[in-house]
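Ligands are counted one by one from 1 in listed order, and the atoms in each one are counted from 1 as well. Since the model is a prediction, treat every value here as computed from it, not as a measurement.
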Amino acid sequence: MPLPTDPRSWRSPLRGPWLTSVFAVVLLVGLPLMIVTGLLSYAAYDPALGGSNDQTPEAGLLASYIWFDWFTSPSWLYRLNQGTHVLLGLALIPLVLAKLWSVAPKLFEWPPVSSVAQALERLSILLLVGSILFLLLTGVMNIQYDYAWGFSFYTGHFYAAWVFIAAFATHVALKLPAMIRALRSRSLVEELRTSTADTVAEPMDPDHLVSPDPAEATVSRRGALALVGGSSLTLLALSVGQSVDPLRPTALLSPRGRSYGDGPNDFQINTTFAEIGIDPTQTGSSWRLRLLGPDGQTRVLRREELLTMAMVTEELPIACVEGWSTSQLWTGVQLRELAALVGGVDVESVFVESMQQGGAFSTMSLTGKQIRADKSLLALKVNGVDLSLDHGFPARMIIPAAPGVRNTKWVETLTFGRAA
Ligand SMILES: Nc1nc2c(c(=O)[nH]1)N[C@H]1C(S)=C(S)[C@@H](COP(=O)(O)O)O[C@H]1N2
Ligand SMILES: [Mo]
């Protein structure tokens, strides 16, 4: 049997510039959308807040596109952004694999280097393929297994994204003319009408995608496109329910897609109360909310005292970076009212501390914009009843338009500051 480095070992008659370009043009639309939503997601994490929020203090130029504080409205902004990023990413997996299959002979080309220009092109392909597989793999693992590796998802996915962006831009610049030419070489409508029996290889091409010794077709181009498109749509259909409340039970591929019963507290939980090991007696009548102001003012409030303050009820989403989201009716005290209690009318930051000891999400910083937003709440209730322990009883943050991770549960201390 010939080795994969031998062009004669690649015999599918479907392989050729036209089919590769059909996959390419879909990716050319999809991947930039992945890049934009990905970069926006990173901006939503507000790396400028530093401290417990950001694990890429060396990002430098790579984060220089973030000249704004993340938005606080519309409240569904992060939900839409992240739902798009994750669902589209899942749907693109079959396309990426099909595209790689279609250019496989090139990936195995031998000798590996024949000229300087070709060496540079191959290097960009290596970075392109390596980074996209890394991004898809870490993305899927982040959804399915929460952080099952030795590095931070946030850091790894971010730096790999920049490798990908550079390699993708290079690849598009080099290949765009060939893609357009190949797309013009055949009619899509005609391909979709061609049966397997009539499927023959494309004419030999300068890039050597077409097999020098094509076998007989076992599937038509129409069949191949249907297989790839069908796989994408299936992944999408089995995942979309994780971001759309009424479709929840259809999200069979999503770890948090299962249905949760009909009670007011029956919706997704990433981290349960039992998992994080807070002593349950701490959430009882001895619980106090501590407020620290920018000039050293302090207030200590019992839950009953908080409940006598002006209550605001808002329908607001929790939208995790993992793509799942859910909208619920939260009731609580506006964050800016709490700031006012400790003299913080002009505050520009708040440091939130949970009763949870340790773990990446036990502390969190928020911006002045987030403190001032009408819909930023310290929530005490959800859907008309007290929060359950799993949802953060006695109190949790609910920040509009922000990533779910901003919604710290089991809040104990809020420290307001003047400097951002
Ligand atoms: N104290 C604490 N708050 C937390 C978390 C946590 O692990 N600990 N998880 C965060 C994350 S990642 C999300 S998406 C939201 C929603 O998670 P939940 O479903 O566990 O409430 O809560 C956030 N608040
Ligand atoms: Mo999350």
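Ring-centre distance between H391 and F267: below the 6.0 Å cut-off. Between Y154 and Y42, the distance separating the two ring centers is shorter than 6.0 angstrom. Annotation: Y45 is not in aromatic contact with W70 [ring centroid separation under 6.0 Å not met].
Contacts between E322 and ligand 1, counted as non-hydrogen atom pairs separated by less than 4.0 Å, are absent for every part of the residue. Of all the heavy atoms of F267, none lies under 4.0 Å from any atom of ligand 1, so neither backbone nor side chain is involved.
Classification of the W162-Y65 ring pair by plane angle, with boundaries at 30° and 60°, yields tilted.
Shown in contact with N407 at under 4.0 Å from a heavy atom are these atoms of ligand 1, numbered in order with element: 22 (O), 23 (C), 24 (N). Listed by number with element, the atoms of ligand 1 under 4.0 Å from a non-hydrogen atom of S354 are 1 (N). Under a 4.0 Å criterion applied to the non-hydrogen atoms of I318, ligand 1 contributes the atoms 16 (C). Ligand-side atoms of ligand 1 in range of Q268: 19 (O), range being under 4.0 angstrom from any heavy atom. Taking every non-hydrogen atom of C320 and a distance limit under 4.0 Å, the qualifying atoms of ligand 1 come out as 14 (S).
In summary, the side chains of T363 and E353 do not present any donor paired with an acceptor at a separation below 3.5 Å, with no hydrogens or angles considered.
Salt bridge R79/D245: present, at least one basic N to carboxylate O contact under 4.0 Å. We find that D374 and R336 are joined by a salt bridge, their nearest charged nitrogen and carboxylate oxygen being less than 4.0 Å apart.
Checking R396, R406, K409, E275 against atom 18 (P) of ligand 1, the nearest heavy atom belongs to K409.
Of the polar atoms of D390, none of the N or O atoms is found under 3.5 Å from an N or O of ligand 1, judged by distance alone. Of the N or O atoms in H391, none lie within a sub-3.5 Å distance of an N or O in ligand 1.
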